[in-house]
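Notes to accompany the following structure.
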Amino acid sequence: MSKVLAALSVSVDGFITGRGPGPGRGLGDGGVLFDWYFSGDTPSRVFDGFTLAEPSARVFDALASRDGVSLAGRNTYDDSG
């Protein structure tokens with residue numbers, strides 16, 4: 001039998017984007033929600049370009065290496081392109 005591991009997150013206001021998202025504008029100013037992906041000096045072993053604090057990299061890589069799929073809502077998908 002297969003196992004399903006689900007990890008969910010949502011910002012406090014219910015949106016993953018910031019103000020002003022849209023095609024050509026990405027997530028608007030919502031990128032600050034993800035600054036921690038790039039604020040450290042330890043490269044992620046899973047995602048190229050991510051440099052996290054060492055404790056964050058350990059946890060992030062352990063979880064991200066198990067991902068088989070990511071699911072996003074329609075607006076987030078459209079805005080992130």
Side-chain angles (χ1 to χ4, degrees):
M1 178 170 286
S2 298
K3 291 183 180 181
V4 174
L5 173 68
L8 309 170
S9 66
V10 64
S11 62
V12 176
D13 63 3
F15 296 94
I16 201 81
T17 62
R19 293 177 303 261
R25 293 187 310 270
L27 300 176
D29 65 0
V32 297
L33 298 171
F34 305 100
D35 283 349
W36 68 278
Y37 288 149
F38 313 104
S39 64
D41 56 5
T42 305
S44 170
R45 292 174 290 132
V46 179
F47 285 98
D48 291 338
F50 283 28
T51 53
L52 305 102
E54 193 277 329
S56 295
R58 272 194 320 239
V59 173
F60 179 83
D61 284 345
L63 295 172
S65 66
R66 299 171 64 177
D67 281 352
V69 65
S70 293
L71 180 65
R74 172 66 189 262
N75 288 342
T76 300
Y77 176 81
D78 288 345
D79 292 345
S80 63

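Starting from 1, each residue takes its place in the sequence as its number.
Taking all atoms of both residues into account, the shortest heavy-atom contact from Thr42 to Ala53 is OG1-C, 4.2 Å. The heavy-atom pair separating Asp61 from Pro43 by the smallest distance is OD2-O, 4.3 Å. Closest approach of Ala57 to Leu52, counting heavy atoms only: N-CB, 3.9 Å.
Both Trp36 and Phe47 belong to a common hydrophobic cluster when Ile, Leu, Val, Met, Phe, Trp and Tyr are linked at side-chain heavy-atom distances under 4.5 angstrom.
For CG of Asp35, the number of neighbouring non-hydrogen atoms (other residues, nucleotides, ligands) closer than 6.0 Å is greater than 12.
Using cut-offs of 30° and 60° on the angle between ring planes, the pair Phe50 and Phe38 is perpendicular.
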